[in-house]
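First the structure, in the form of structure tokens, and then the observations on it.
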Amino acid sequence: MENCIFCKIIQKEIPTSFIYEDDRMVAFKDINPQAPIHILLIPKEHYASLNDVPEDKKDILSHLLLKARQIALEQGISERGYRIVLNTARDSGQEVLHIHFHLLGGRRMNWPPG
Ligand code: 5GP
Ligand code: ZN
């Protein structure tokens with residue numbers, strides 16, 4: 001998708017080191033971390049948000065989620081705990097319109113979120 005920052009990261013037009021990559025997704029550190037560990041997980045196919053993932057592509061969601069679980073384990077935050085965030089559309093504060101899970105950890109999280 002043209003003019004999508006995350007598509008540019010996937011295409012390597014914006015140099016970013018990947019924590020994980022396979023044929024369907026990549027994971028990389030957030031440029032403006034909100035916790036000691038803040039990693040973004042995104043599908044290689046462009047969907048603007050959760051609202052735009054077609055029913056027949058739903059497998060990518062479980063793939064991203066379980067990869068977040070694996071990365072949390074590898075990053076050593078699995079037992080202490082972590083938060084996975086999926087901002088969706090305007091009221092959530094979603095800024096980049098390419099669906100992404102945030103994996104946040106390494107500090108105590110507050111609830112309710114802001
Ligand atoms: P949103 O608010 O859309 O849920 O989250 C977008 C996230 O993408 C933000 O946490 C922001 O810091 C991150 N981000 C935006 N542009 C870039 C970039 O070019 N590189 C990286 N690594 N993260 C980015
Ligand atoms: Zn995109």
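Whatever order the structure lists them in is the order used to number ligands and atoms, beginning at 1.
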Open item on the list: Using the salt bridge (charged side-chain N to carboxylate O under 4.0 Å, His left out) criterion, which residues pair with Lys44? Sequence neighbours excluded.
Closed with: Glu21
Open item on the list: Under 4.5 Å between side-chain heavy atoms, counting indirect links through other Ile/Leu/Val/Met/Phe/Trp/Tyr residues: same cluster for Phe18 and Ile42 or not?
Closed with: yes
Task: Exceeds 12 heavy-atom contacts within 6.0 angstrom, atom CG of Asn51 - done: yes
Task: Centroid-centroid distance, His102 to His100, less than 6.0 Å - done: yes
Task: Gap between atom CZ of Arg90 and atom CD of Glu95 - 0.5 Å precision - done: 14.0 Å
Open item on the list: Tell me every residue that passes side-chain contact (heavy atoms from CB on, under 4.5 Å) with Pro54, counting only those two or more places apart in sequence or in another chain.
Closed with: Tyr47, Asp56, Lys57
- [ ] Pull up every protein N/O/S atom sitting under 2.8 Å from the Zn ion (ligand 2), skipping waters.
- [x] Cys4 SG, Cys7 SG, His46 ND1, His98 ND1
Open item on the list: If you count every heavy atom of other residues, nucleotides or ligands that lies below 6.0 Å from Met1 atom CE, does the total exceed 12?
Closed with: no
Open item on the list: Is it the case that atom CD in Glu13 sees more than 12 heavy atoms from other parts of the structure closer than 6.0 Å?
Closed with: yes
Task: Protein residues having a heavy atom less than 4.0 Å from any atom of ligand 1 - done: Ile5, Phe6, Ile9, Phe28, Lys29, Asp30, Ile31, Asn32, Leu40, Asn87, Gly93, Gln94, Glu95, Val96, His100, His102
Open item on the list: Applying the side chain to side chain contact (heavy atoms under 4.5 Å, CB included) criterion to Tyr82, which one of Leu73, Ile77, Ile71 satisfies it?
Closed with: Ile77
